[in-house]
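Order of appearance sets the numbers: ligands from 1, and atoms from 1 within every ligand.
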Amino acid sequence: MSTIFSKIINREIPADIVYEDDLVTAFRDINPQASTHILIVPNKEIPTVNDVSAEDEQRLGRLFVVAKKIAEQEGIAENGYRLLINCGKHANQEVFHLHMHILGGRPLGPILSRP
Ligand code: AMP
């Protein structure tokens with residue numbers, strides 16, 4: 001069964017796609033947590049970081065190359081931004097198709113809220 005992100009990549013459901021190439025696709029998060037909130041997703045379905053293999057090195061490296069490009073396009077490169085990948089239950093991962101969040105456009109505060 002394909003993930004909701006595969007459906008976006010395959011144009012089966014709509015999304016605001018900002019970038020795509022042979023290895024990754026990037027689109028705006030449907031529930032943005034900052035003025036810039038974009039997800040970069042490998043076109044191959046990898047459920048979590050726990051499922052990554054050496055064969056994925058090139059596509060996962062591409063996430064960073066595209067993150068840098070998008071940060072420049074969005075005008076957030078100079079002030080900085082956060083790249084985030086959730087893995088599994090304790091990280092509250094919701095969509096089991098590995099993805100990198102790019103968050104920026106305001107000061108984001110500490111990485112974790114204090115208990
Ligand atoms: P995570 O908790 O890291 O799995 O994050 C999943 C993210 O996917 C959340 O920020 C959701 O708002 C986002 N999301 C879920 N469905 C869609 C969708 N159809 N289009 C864009 N973003 C989505």
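- The main-chain N or O of D21 is found under 3.5 Å from a side-chain atom of N43 such that the two form a donor-acceptor pair.
- For L84, no heavy-atom contact with ligand 1 is shorter than 4.0 Å.
- Between F5 and H99, the ring planes are perpendicular. Angles over 60° get that label, and only those under 30° would be called parallel.
- Between V95 and ligand 1, at least one N/O pair is under 3.5 Å apart.
- With rounding to the nearest 0.5 angstrom, the CZ atom of R106 is 11.0 Å from the OG1 atom of T36.
- Close approach to F27 involves these atoms of ligand 1, each under 4.0 Å from a residue heavy atom: 21 (C).
- The proximity of N92 to ligand 1, defined as any non-hydrogen pair under 4.0 Å, is limited to the backbone.
- Note that NE2 of H101 and CZ of R82 are 12.0 Å apart. Values are rounded to the nearest 0.5 Å.
- Side-chain atoms of Q33 come within 3.5 Å of backbone N or O of N31 as a donor-acceptor pair.
- By the criterion of a heavy-atom distance under 4.0 Å, neither the backbone nor the side chain of F96 is placed next to ligand 1.
- R59 places no side-chain N or O within donor-acceptor distance of the main-chain N or O of E57, the cut-off being under 3.5 Å.
- The single protein non-hydrogen atom nearest to atom 17 (C) of ligand 1 is I30 CG2, 3.7 Å, given as residue, atom name and distance.
- In terms of protein heavy atoms, atom 7 (C) of ligand 1 is closest to D29 OD2, 3.5 Å.
- Heavy-atom proximity to L39, at under 4.0 Å, picks out these atoms of ligand 1: 8 (O), 13 (C), 22 (N).
- Considering only non-hydrogen atoms, atom 3 (O) of ligand 1 lies nearest to H101 out of R28, H101, E94, Q93.
- A donor-acceptor contact shorter than 3.5 Å links the side chain of Q93 to the backbone of P47.
- Set against the non-hydrogen atoms of I8, the atoms of ligand 1 under 4.0 Å away are 18 (C), 19 (N), 20 (N).
- The line from CG of L84 to CD1 of I102 is 11.5 Å long, rounded to the nearest 0.5 Å.
- Atoms of ligand 1 found under 4.0 Å from any heavy atom of N86, numbered from 1 in the order shown, are 1 (P), 2 (O), 3 (O).
- Contact between I85 and ligand 1 is absent, with no heavy atom of the residue lying under 4.0 Å from the ligand.
- The backbone N or O of T48 lies less than 3.5 Å from a partner atom in the side chain of D51, making a donor-acceptor pair.
- Of all atoms in ligand 1, listed by their number and element, those nearer than 4.0 Å to a heavy atom of N31 are 12 (O).
- Scanning the protein for heavy atoms near atom 6 (C) of ligand 1, the closest one is H99 NE2, 3.5 Å.
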